[in-house]
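Report on the structure given below.
Below, chains carry the letters A, B, ... as their sequence lines are ordered, and counting in each starts from 1.
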Protein chains: 2
Amino acid sequence: MSTVTIKDVAALAGVSPATASRVLSGNPATSPQARERVAAAVKQLEFQPNAQARSLRSTRTDSIGLLVSDVRNPFFADLAHTVEQSALAAGYVTLLGNANERTDQQDRYLNSLISRRVDGIIVAPQGGDSASIRALIKRRIPTIFVDRVIADIDLPSVTTNSDTGIRQAVAHLAERGHTRIGYIAGPQSISTGRERYSAFTRAIAATGLSADPALIYVGDFQAASGSAAVHALLSLTDAPTAIIAADSLMAVGAVAMLQRLDLRIGEDIALVAFDDIEWFSLLTPALSVITHSVEDMGRIAVQLLLQVIDGQHPQSVVLPSELIIRASSAGAAHATLPPSSRKN
Amino acid sequence: MSTVTIKDVAALAGVSPATASRVLSGNPATSPQARERVAAAVKQLEFQPNAQARSLRSTRTDSIGLLVSDVRNPFFADLAHTVEQSALAAGYVTLLGNANERTDQQDRYLNSLISRRVDGIIVAPQGGDSASIRALIKRRIPTIFVDRVIADIDLPSVTTNSDTGIRQAVAHLAERGHTRIGYIAGPQSISTGRERYSAFTRAIAATGLSADPALIYVGDFQAASGSAAVHALLSLTDAPTAIIAADSLMAVGAVAMLQRLDLRIGEDIALVAFDDIEWFSLLTPALSVITHSVEDMGRIAVQLLLQVIDGQHPQSVVLPSELIIRASSAGAAHATLPPSSRKN
DNA sequence: CGATTCCATGGAATCGATTCCATGAGCGTA
DNA sequence: TACGCTCATGGAATCGATTCCATGGAATCG
């Protein structure tokens, strides 16, 4: 094959491979002539250094790994985008892994990233404890949790404080006259699922609204479970007049099911979603959301990771969340008819 | 550091590094005892082979690169997902690069992928000619174009034949009584932009509808240009009664602007989008779309790439497109009022 | 039973860059 | 003039795995 190595460059430039290497890595101990001639040779031969060989010796790869739960989730797609851009600005290439909401694929990707000797890893961890995440720690591979954490593993993280946003949402709905608020929770094996759930129950208790356990439906952060949740909640004899969904995908499922049931969102029933997605405001009616900044999250995660790589021990960062009121929750509460009496 | 190498494994297992390597790579020339003892040592030391060292010698990295225009575009997020899953099934890890709709970032990622000696690359190329894409060919790196191609570069590709879908859409709108159809085109520097545009003009000519050039607005495949397009088209003295958008993001921008102008989609004006996005059917009214299978596209792209890696010369594949009629284009045509007379 | 093949194995070269170490030229100062 | 210092440079070791090649013992065949 036409593999051009640094020896070829050195030969053409009339210097040793050592000098060529120094020029390429910007080592100051090089003469202007050498720099010039090596640069010319590199251009002429279209030399591309072999990253494998380079990092084998220097133990740096200038790459970081990012492991998300699902790229198709707009939240994680946005996160991938900001992480990637921030890392690129700092001279790192991002390898994106997709756990596909499965622990086995998460482990497979983590092992692959370890083998590739990435300089650090940002991970939105899947579910509970994981052997391969413990392996990261044992090998002292710089690692940051983003969005989600694992309870008993102490690593720097960037997360959202969902408490404020959820409290605002519950207060807002209470003010509109809702007393029975349904909640579509995320899986309790995931930290965000647990945290948002407990924030919701605290807010309910603080506001003195109905704490009927039947109003809680535990989903899996995927669209289908949002649909199932709406169906279940509206089948109750005493159905909720408002619903909060713990992530955007379950909110999508909820919207789809509400439309199928011919219920008018914002009139027959109020709906608030966690996570703001660009097109949520295009729905009719526009969706009220609890928002948090993906841009900040991604940018700060990279920042923390670079600090860990640099040998520092940064503090975890908690970002705020906030309610944005749109038409889907603006109307006053009145009794929701069960789906059976309307259609079907 | 606690870097465990194959020598440590070999020492613990009481064999040579050569034998340990053979066991690890599944070489049949190994005794059951050796296999057993090496396996035990690997497990005990939690050995993870160094991918750099491995691929430096063997020239295989078991990884492929995927370069898309924008991860935040749901179409490419879905594509990334299917490519990644197909590749994983074949034993390859996918490195995802995000050109961010910019040629310089595309080139930067391509060079990085070349340096990492990926076994092959799937790319949705940015704009016109590119030095780094020519570099791929010169180095004989297995490469496949997906979704988009570059005109004078002859590489296997997986693309969509937009002709059928667009013809169906135009015919459908003509049947509903529309004679002036606006078209929000993609950039003419991108193959899909050109191809869909010419498909549209052909369909218009075949149906005998108005070919007024003022009905064509050239956008950039991003949401903002969809909004601008709608604003421009509806400011015409003889405004279109229906609009076709050449991709999903521009359709999103179009929907946002139509809502801002207080126009009822499906009644005041018909709208059809290229690319089907899951939540397009959740809009009120649900959006009519020209759909093509992302799953097939991703799966086949990986398949072709593996064939090229294997030394074969596969034929390019062209996938079909098809119209799905929903409420946004179901109504009969009647004159669209210019935005100025309604609001603003 | 001797010759030949087969096969598991270890030693050593190799992949392509980086980096340690030694060298020698150039220069300033005593 | 001689000594010490800086600094660019080349030779060679190195990173960690793979793989070529040689070897010796076991199995097979005439």
Checklist entry - If you look at every strand shown and take non-hydrogen atoms under 4.0 Å, does Ala51(A) touch a base, only sugar-phosphate, or nothing? => result nothing
Checklist entry - Pick one: which of Thr103(A), Asp104(A), Asp107(A) meets side chain to side chain donor-acceptor pair (under 3.5 Å) with Ser132(A)? => result Asp107(A)
Checklist entry - side-chain contact (heavy atoms from CB on, under 4.5 Å) between Leu66(B) and Glu84(B): does it pass, once the steps are laid out? => result CA-CA 9 Å; Leu66(B) 171 65; Glu84(B) 198 225 338; over 6 Å; no
Checklist entry - Got a sec, which pairs hit ring-ring contact (aromatic ring centres under 6.0 Å, His included) with one end in residues 27-79 of chain A, sequence neighbours left out? => result Phe75(A)-His292(A)
Item to check | Where DNA chain D forms stems, i.e. three or more consecutive Watson-Crick or G-U pairs with both distances under 3.5 Å | outcome: C:1-30 with D:1-30
Checklist entry - After noting the C-alpha distance and the side-chain angles of Gln126(B) and Gln105(B), does the key distance pass the side chain to side chain donor-acceptor pair (under 3.5 Å) rule? => result CA-CA 10 Å; Gln126(B) 218 48 245; Gln105(B) 284 199 20; over 6 Å; no
Checklist entry - Taking Thr30(B) for the side chain and Arg35(B) for the main chain, is one N or O donor matched with an acceptor at less than 3.5 Å? => result no
Checklist entry - So which one's nearest nucleotide on DNA chain C is more toward 5', Arg22(A) or Thr5(A)? => result Thr5(A)
Item to check | Atom pair distance, as rounded to whole Å: CD in Glu36(A) and C1' in dA8(D) | outcome: 16 Å
Item to check | Comparing Ile6(A) and Ala29(B) on DNA chain C - which has the more 5′ nearest nucleotide | outcome: Ala29(B)
Checklist entry - Which pairs, with at least one residue in residues 77-124 of chain B and sequence neighbours excluded, count as a ring-ring contact (aromatic ring centres under 6.0 Å, His included)? => result none
In residues 18-26 of chain A, what donor-acceptor pairs under 3.5 Å come from side-chain atoms, sequence neighbours left out?
| unit_1 | atom_1 | unit_2 | atom_2 | d |
| --- | --- | --- | --- | --- |
| Thr19(A) | OG1 | Ser16(A) | OG | 3.3 |
| Ser25(A) | OG | Ser21(A) | O | 3.1 |
| Ser25(A) | OG | Arg22(A) | O | 3.4 |

Next on the checklist: Counting the atoms with a prime plus P, OP1 and OP2 as sugar-phosphate, which does Ala20(B) contact under 4.0 Å by heavy atoms, base, sugar-phosphate, or nothing?
Outcome noted: nothing
Checklist entry - For DNA chain C, what residues of residues 7-14 of chain A have any heavy atom nearer than 4.0 Å? => result none
Checklist entry - So, Arg134(B) and Asp152(B), do they make that salt bridge, N to O below 4.0 Å? => result yes
Next on the checklist: For the residue pair Ser115(A) / Gln48(B), report whether a side-chain donor-acceptor contact shorter than 3.5 Å exists.
Outcome noted: yes
Item to check | Audit row: Met297(A), Leu319(A), side-chain contact (heavy atoms from CB on, under 4.5 Å) steps and yes/no | outcome: CA-CA 8 Å; Met297(A) 186 171 274; Leu319(A) 299 172; 3.9 Å; yes
Item to check | Nucleotide range of DNA chain C lying under 4.0 Å from chain B heavy atoms | outcome: dA8(C) to dG16(C)
Next on the checklist: Main chain of Asp62(B), side chain of Asp119(B): is a donor-acceptor contact present, judged purely on distance under 3.5 Å?
Outcome noted: yes
Checklist entry - Is Ser21(A) touching bases, backbone alone, or none of the nucleic acid, heavy atoms closer than 4.0 Å? => result base
